[in-house]
Amino acid sequence: MKIVRNNIISFSNSILGLIISLLGFTLSCAKKYGSPEPVPMYGAPAAKFRVHGVACSSDSNIAVKDIRAVMNNDTAYTDINGFYSLETFSGPQSQEFVVKFEDIDGNVYRQFFTLDTTVQFVNPDFTGGDGSWYYGSAEKQFNVKLKPYN
């Protein structure tokens, strides 16, 4: 008698578990109020911010090579034409980034003062997003004039 009772309880538990599982799946995928089916997404919205430009001397307006530019976790060095390019990822809203320009030749050959400046992206226009969590990229040209040691 005890074995029969255990078998009945086990069978009824299996049936109830199956019914609850089916209800859970059908309700989680149901369309509500004309909206498309839900798509599970994980993470946080992000966008790429790119700052690029030319570093030149403030007195002669000549491009300066080998200046280190740092923004967040990205570092770049100006080329022979003074060009640099930095990128970072952040939330897709107005942002402010500190960019540091430093002449890294050492104390003997250092010719320019270090410059800490702020680049602002106000209501950025993002391009190339995937329509999901990645909003795309925004870029800003930011030319700097470095003050030489005199």
Side-chain angles (χ1 to χ4, degrees), residues 10 12-150:
S10 176
S12 61
N13 282 343
S14 298
I15 295 295
L16 284 175
L18 179 65
I19 291 171
I20 290 172
S21 296
L22 289 175
L23 283 175
F25 284 121
T26 58
L27 290 177
S28 69
C29 295
K31 292 183 180 183
K32 294 186 180 184
Y33 309 111
S35 66
E37 291 187 23
V39 177
M41 298 172 73
Y42 304 99
K48 179 171 40 173
F49 293 88
R50 181 174 177 248
V51 177
H52 59 91
V54 176
C56 62
S57 174
S58 64
D59 63 348
S60 64
N61 225 17
I62 295 174
V64 182
K65 144 182 177 177
D66 292 332
I67 297 294
R68 179 172 52 197
V70 179
M71 179 177 73
N72 285 0
N73 294 326
D74 194 13
T75 302
Y77 296 89
T78 58
D79 64 11
I80 195 162
N81 299 316
F83 182 79
Y84 72 94
S85 179
L86 299 164
E87 294 179 350
T88 189
F89 283 86
S90 192
Q93 69 264 2
S94 295
Q95 293 286 346
E96 203 171 85
F97 299 104
V98 174
V99 182
K100 182 177 185 177
F101 297 92
E102 185 176 17
D103 188 355
I104 57 166
D105 291 348
N107 291 334
V108 177
Y109 299 111
R110 186 171 291 168
Q111 299 174 347
F112 298 94
F113 286 101
T114 298
L115 174 66
D116 287 330
T117 188
T118 302
V119 177
Q120 295 179 338
F121 286 85
V122 179
N123 297 323
D125 184 26
F126 298 107
T127 58
D130 62 7
S132 183
W133 288 104
Y134 178 61
Y135 278 60
S137 62
E139 61 181 69
K140 182 169 274 202
Q141 184 168 349
F142 190 75
N143 297 327
V144 294
K145 294 189 181 272
L146 301 172
K147 183 179 177 185
Y149 286 117
N150 284 337

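A distance of 12.5 Å separates CG in Asn13 from CG in Leu18, rounded to the nearest 0.5 Å. Between Tyr135 atom OH and Thr127 atom OG1 the span is 15.0 Å, to the nearest 0.5 Å. Rounding to the nearest 0.5 Å places OG of Ser57 at 4.0 Å from CZ of Phe112. Distance check, rounded to the nearest 0.5 Å: CD1 of Ile15 to OG of Ser10 gives 10.0 Å. The OG atom of Ser137 sits 8.5 Å away from the CZ atom of Phe89 when rounded to the nearest 0.5 Å.
For Phe83, the ring-ring contact (aromatic ring centres under 6.0 Å, His included) criterion is met by no residue, not counting sequence neighbours.
Of the possible polar contacts, one joining the Asp103 side chain to the Gln111 backbone as a donor-acceptor pair under 3.5 Å is found.
Annotation: cation-pi geometry not satisfied between Lys140 and Phe49 (NZ/CZ under 6.0 angstrom from ring centroid, within 45° of ring axis).
Asn73 CG: 12 or fewer foreign heavy atoms inside a 6.0 Å radius. Atom CD1 of Ile80 has 12 or fewer heavy atoms from other residues, nucleotides or ligands within 6.0 Å.
Side-chain atoms of Glu96 and Thr118 include no donor-acceptor pair closer than 3.5 Å.
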Stepwise side chain to side chain contact (heavy atoms under 4.5 Å, CB included) check, Tyr84 with Val51: CA-CA 8 Å; Tyr84 72 94; Val51 177; 3.8 Å; yes

Let me see the working for Gln95 and Gln120 under side chain to side chain contact (heavy atoms under 4.5 Å, CB included), right down to the final yes or no. CA-CA 6 Å; Gln95 293 286 346; Gln120 295 179 338; over 6 Å; no

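Scanning all heavy atoms of the two residues, the minimum distance from Ser94 to Asn123 falls at OG-N, 2.8 Å. For the pair Val54 and Asn81, the tightest heavy-atom approach, listed with the atom from each and the gap, is CG1-O, 3.6 Å. Closest of all the heavy-atom pairs between Thr114 and Lys100 is CG2-CE, 3.6 Å. Of all heavy-atom pairs spanning Phe126 and Pro124, the tightest one is CZ-CG, 3.4 Å. In plain terms, the two heavy atoms of Ser90 and Phe97 that are nearest each other are CB-CZ, 4.2 Å.
The list of salt bridge (charged side-chain N to carboxylate O under 4.0 Å, His left out) pairs with a residue in residues 117-139, not counting sequence neighbours, reads Arg50-Glu139.
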Mind listing the side-chain donor-acceptor pairs of residues 61-72 below 3.5 Å, one per line with the distance, residues two or more places apart or on another chain?
unit_1: Asn61; atom_1: OD1; unit_2: Lys145; atom_2: NZ; d: 2.4
unit_1: Arg68; atom_1: NH2; unit_2: Glu102; atom_2: OE1; d: 2.8
unit_1: Asn72; atom_1: ND2; unit_2: Thr88; atom_2: OG1; d: 3.2

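Between Phe142 and Phe101, the angle of the ring planes stays under 30°, which puts this pair in the parallel group of the 30/60° scheme.
Within the 6.0 Å centre-distance limit, the rings of Phe113 and Tyr149 are counted as a close aromatic pair.
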